[in-house]
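Written out below as structure tokens is the structure these notes cover.
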2 protein chains.
Amino acid sequence: MADEALSAGAVARRLGVAVTTLRTWHQRYGLGPSQHVPGHHRRYTAADLARLEIMRRLTAEGITPAEAARWARQTPAPGLAGEVSTDALVEVRPLGVRDGGGQTIPVGRAGPAARGLARAAMRLDSVAIGETIARALAADGVVATWDGLLRPVLVGIGERHAATGGLVEVEHVVSRCVSEAFATVTRAGPATGPARILLSCADEEQHTLPLEALAAALAEANVAYRMLGARVPAAALVEAVNRTGPAAVVVWSHLQATADPAQLTVLLASPRRPLLVLAAGPGWRADSLPAGVVRPVDLAEAVALALAVRDSLGQPAGH
Amino acid sequence: MADEALSAGAVARRLGVAVTTLRTWHQRYGLGPSQHVPGHHRRYTAADLARLEIMRRLTAEGITPAEAARWARQTPAPGLAGEVSTDALVEVRPLGVRDGGGQTIPVGRAGPAARGLARAAMRLDSVAIGETIARALAADGVVATWDGLLRPVLVGIGERHAATGGLVEVEHVVSRCVSEAFATVTRAGPATGPARILLSCADEEQHTLPLEALAAALAEANVAYRMLGARVPAAALVEAVNRTGPAAVVVWSHLQATADPAQLTVLLASPRRPLLVLAAGPGWRADSLPAGVVRPVDLAEAVALALAVRDSLGQPAGH
DNA sequence: ATAACGACGCAGGAATCGACGCAACTCGTA
DNA sequence: TACGAGTTGCGTCGATTCCTGCGTCGTTAT
């Protein structure tokens with residue numbers, strides 16, 4: 001048993017926080033090396049690190065740092081199995097405990113889970129990010145998770161990025177984790193019946209996440225679909241429509257620059273014109289859309305429309 | 001070539017350090033002649049010298065002596081796929097003709113599975129595509145599936161696309177299915193230990209699939225990593241490196257346009273300089289890479305290098 | 001006789017310390 | 001809706017601690 005005396009920098013790197021934060025946690029919450037002479041360097045033992053790991057896990061769950069520190073401090077030093085039931089903690093929120101700010105992502109009143117996700121994101125802790133998302137997906141489903149957890153955090157990152165220009169790495173890590181989480185949902189739900197719904201990004205549009213959310217929501221509802229992905233030229237979209245003859249087509253555009261209504265018009269003029277053409281995303285201008293195009297306001301509406309198409313045309317043995 | 005036991009002075013002269021330093025390295029880091037009785041003269045064998053060579057080169061590259069000693073000490077004496085020598089790797093491959101996928105195999109020799117995958121792709125049948133990939137992954141693992149199945153098909157589609165201009169939808173559907181398959185692999189393997197490997201695309205680079213393959217291969221081997229994803233500006237990459245202090249960084253570039261060596265140079269000049277910087281992908285020009293950058297030729301080599309980093313630095317022992 | 005040994009110490013530089021402050025986020029209240 | 005109070009993460013600054021390569025000294029192996 002060698003004494004793994006980790007330095008402050010090493011611990012900070014491992015946790016994904018700044019060295020100064022480690023010092024702050026020590027003096028504010030008493031969460032530091034058990035043996036530390038003031039003025040000397042901090043040397044974290046395995047037990048100290050375990051405490052900090054608990055701190056990291058609890059804050060990633062959305063628990064107030066002060067509260068998390070209280071739990072981390074009271075854990076028995078020996079033994080790695082310091083499992084703390086987090087579910088109970090989320091519910092019980094003592095009065096007078098506020099959520100603070102600091103270097104974080106604004107999530108508004110999106111709940112503790114979103115705050116925890118934001119914190120894990122700032123630390124680039126992809127494991128915690130993935131676990132949080134998976135838990136939310138299992139508990140609340142795709143639509144609720146998207147609206148209540150993922151979108152607030154993603155929007156927060158986007159705003160901060162637009163304002164300061166930074167946070168690019170954070171955005172990428174979160175996006176990737178969200179993609180992976182949606183992918184597991186997608187893979188888990190085996191599609192039944194033919195895919196009559198086609199999902200596609202607009203030409204040059206690179207943002208896929210909302211479309212992936214829709215895909216996951218459809219998979220959750222056992223609705224078959226086809227996902228084309230990002231940067232689909234109008235010709236390729238028409239080609240796909242002609243080849244597969246979908247009942248509904250969803251075209252996502254995040255930016256106005258990618259929202260050329262012509263690619264929708266071409267769709268409507270296609271030989272195998274789909275019953276429903278959805279222009280989704282904030283890029284589209286309502287007044288410039290060709291007639292016959294529906295514009296859902298949120299994920300729930302898009303899912304509902306897609307389900308309607310499935311229900312009306314799902315059974316080939318009609319009347 | 002018999003192993004002439006070198007004296008301390010000879011070794012010191014060869015390495016360019018003082019004799020006392022050799023003694024210091026021995027008693028501080030345990031980096032000395034494997035057989036040495038206290039009080040007697042040190043006699044360095046070839047293996048001992050090799051260890052010291054590693055020590056010298058790593059410290060010359062700006063790596064903390066303690067960390068460099070850890071590398072040198074745990075290097076297997078008989079070259080077990082281990083030779084850490086970055087310079088050697090760069091020089092051994094004077095012209096890396098292709099490595100991300102230059103070979104023109106029209107899916108013909110790649111086996112029946114590839115043919116079936118190509119057919120399902122043309123049909124935009126994402127279910128069949130996903131099943132084929134999942135089956136191959138389960139049977140052959142990530143690396144073999146990538147080299148033997150996915151890369152041939154993707155390359156074939158790419159060539160056809162370049163020639164005819166069509167097949168965009170096919171490419172997108174296949175890419176998405178591959179991503180999802182890799183994501184399930186990624187999610188299935190719980191990472192153990194801190195993530196010391198950082199995966200990132202070059203600036204403006206949009207192709208993520210090869211990086212996702214690497215991530216899946218690492219997850220398959222239970223190696224923790226961090227994936228940044230596509231279009232990572234150099235500043236964001238440096239930011240992530242400084243925040244998480246990884247041991248190895250893999251930067252993927254598919255196109256020459258995105259392979260600016262400056263973003264690697266910045267990495268090497270970073271305060272928390274990683275031990276290993278891998279320039280992966282066909283975009284990089286071997287002759288324009290800064291010294292100290294390793295250029296893996298294929299997925300297997302990249303995985304092997306990453307594993308070496310994990311194995312060599314698993315335990316951050318104290319002094 | 002020469003080179004190496006072990007112990008000790010030293011100077012330069014990197015990392016960290018403690019204190020302070022700032023900016024940003026939430027939430028209750030006017 | 002706007003604003004102040006409470007939190008929180010982290011940057012900055014001068015001082016201090018720690019690491020590291022190497023020189024010196026008396027002794028010992030070759």
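Lettering of chains follows the sequences in order, A, B, ..., and the numbering in each one begins at 1.
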Heavy atoms of A/His172 and B/Ala230 approach each other most closely as CE1-O, 2.6 Å

Figure out the CG/P separation between A/Leu52 and D/dG9, and round it to whole Å.
12 Å

Check the surroundings of atom CD in B/Gln35: do more than 12 heavy atoms from other residues, nucleotides or ligands lie under 6.0 Å from it?
no

Taking CZ from A/Arg56 and C1' from D/dT8, how many angstroms apart are they, rounded to a whole number?
19 Å

Every protein N/O within reach of nucleotides 21-25 of chain C N/O, cut-off under 3.5 Å:
from   : atom 1 : to       : atom 2 : distance (Å)
C/dA24 : N3     : A/Gly102 : N      : 3.2
C/dC25 : OP1    : A/Arg160 : NH1    : 3.1
C/dC25 : OP1    : A/Arg160 : NH2    : 3.3
C/dC25 : O2     : A/Gly101 : N      : 3.3

Once you round it to whole Å, what is the distance between C1' of C/dA15 and CZ of A/Arg13?
11 Å

With no hydrogens and no angle check, just 3.5 Å: does a side-chain donor-acceptor pair link A/Asp140 and A/Thr145?
no

If you take all heavy atoms of A/Ala213 and A/Val142, which pair is closest and at what distance?
O-CG1, 3.4 Å

Reported NE2-to-OG distance for the pair A/His41 and A/Ser7, which is rounded to 0.5 angstrom
9.5 Å

Given C/dC17, D/dG9, D/dG23, the nucleotide with the shortest approach to the side chain of A/Ala8:
C/dC17

Whole Å only: how far is the CH2 atom of A/Trp25 from the P atom of C/dG18?
17 Å

Given A/Asp125, which of A/Arg56, A/Arg57, A/Arg119 fulfils the salt bridge (Lys or Arg N to Asp or Glu O under 4.0 Å) condition?
A/Arg56

Non-hydrogen side-chain atoms of B/Met55 and B/Leu15 separated by less than 4.5 Å:
no

Roughly, in whole Å, what's the span from CD in B/Glu239 to C1' in D/dG11?
12 Å

In terms of the nearest nucleotide of DNA chain C, which residue is placed more toward the 5' end: A/Gly9 or A/Gln27?
A/Gly9

Need one value for B/Val17: base, sugar-phosphate or nothing, where a base atom within 4.0 Å counts as base even if backbone is also close, heavy atoms only.
sugar-phosphate

Residue whose nearest DNA chain C nucleotide is more 5′ - A/Arg109 or A/His26:
A/His26

Give me the atom names and distance for the closest heavy-atom approach of A/Tyr29 to A/Ala66.
CE2-CA, 4.0 Å

Does a nitrogen or oxygen in the side chain of A/Thr64 sit under 4.0 Å from OP1 or OP2 of D/dT8?
no

Kindly write out the residues that satisfy side-chain contact (heavy atoms from CB on, under 4.5 Å) with B/Val249, not counting sequence neighbours, or none if the list is empty.
B/Leu198, B/Leu237, B/Val241, B/Pro246, B/Val251, B/Leu267, B/Pro274

Sorted by number, residues from residues 146-154 of chain A placing a heavy atom under 4.0 Å from DNA chain C are none

Can you see which heavy atom on B/Arg51 is nearest to which on B/Asp48, and at what distance?
NH2-OD1, 2.8 Å

Restricting to non-hydrogen atoms, name the atom on B/Ala219 and the atom on B/Thr186 that form the minimum distance, rounded to 0.1 Å.
CB-CA, 3.9 Å

Is the closest side-chain donor-acceptor distance between A/Arg123 and A/Thr59 under 3.5 Å?
yes

Atom OH of B/Tyr29 and atom P of D/dC22 are separated, to the nearest Å, by 11 Å

For residues A/Pro282 and A/Trp252, determine if any side-chain heavy atom of one lies less than 4.5 Å from a side-chain heavy atom of the other.
yes

What parts of residues 30-41 of chain A reach DNA chain D, counting only heavy atoms under 4.0 Å away?
A/Gly39, A/His40, A/His41

Take the C1' atoms of the five end pairs on each side of the helix from C/dA1-D/dT30 to C/dA30-D/dT1, derive the two axes, and give their angle rounded to 10 degrees.
30°

Only pairs under 3.5 Å count here: list side-chain donor-acceptor contacts from residues 146-162 of chain A, not counting sequence neighbours, and write none if there are none.
from     : atom 1 : to       : atom 2 : distance (Å)
A/His161 : ND1    : A/Gly166 : O      : 2.9

Quick one: does A/His254's side chain get under 4.5 Å of A/Gln206's, heavy atoms only?
no

B/Ala66 side chain: which of C/dG18, D/dC18, D/dT20 is closest?
D/dT20

At under 4.0 Å, does any side-chain N or O of B/Arg42 touch on OP1 or OP2 of C/dG6?
yes

Whole angstrom value for the distance that separates P of D/dT7 from CD of A/Glu67
13 Å

Could you tell me the separation between the CG atom of A/Leu15 and the P atom of D/dG9, rounded to a whole number of Å?
12 Å

Between A/Arg123 and B/Arg23, which has a closest nucleotide on DNA chain D that is more 5'?
A/Arg123

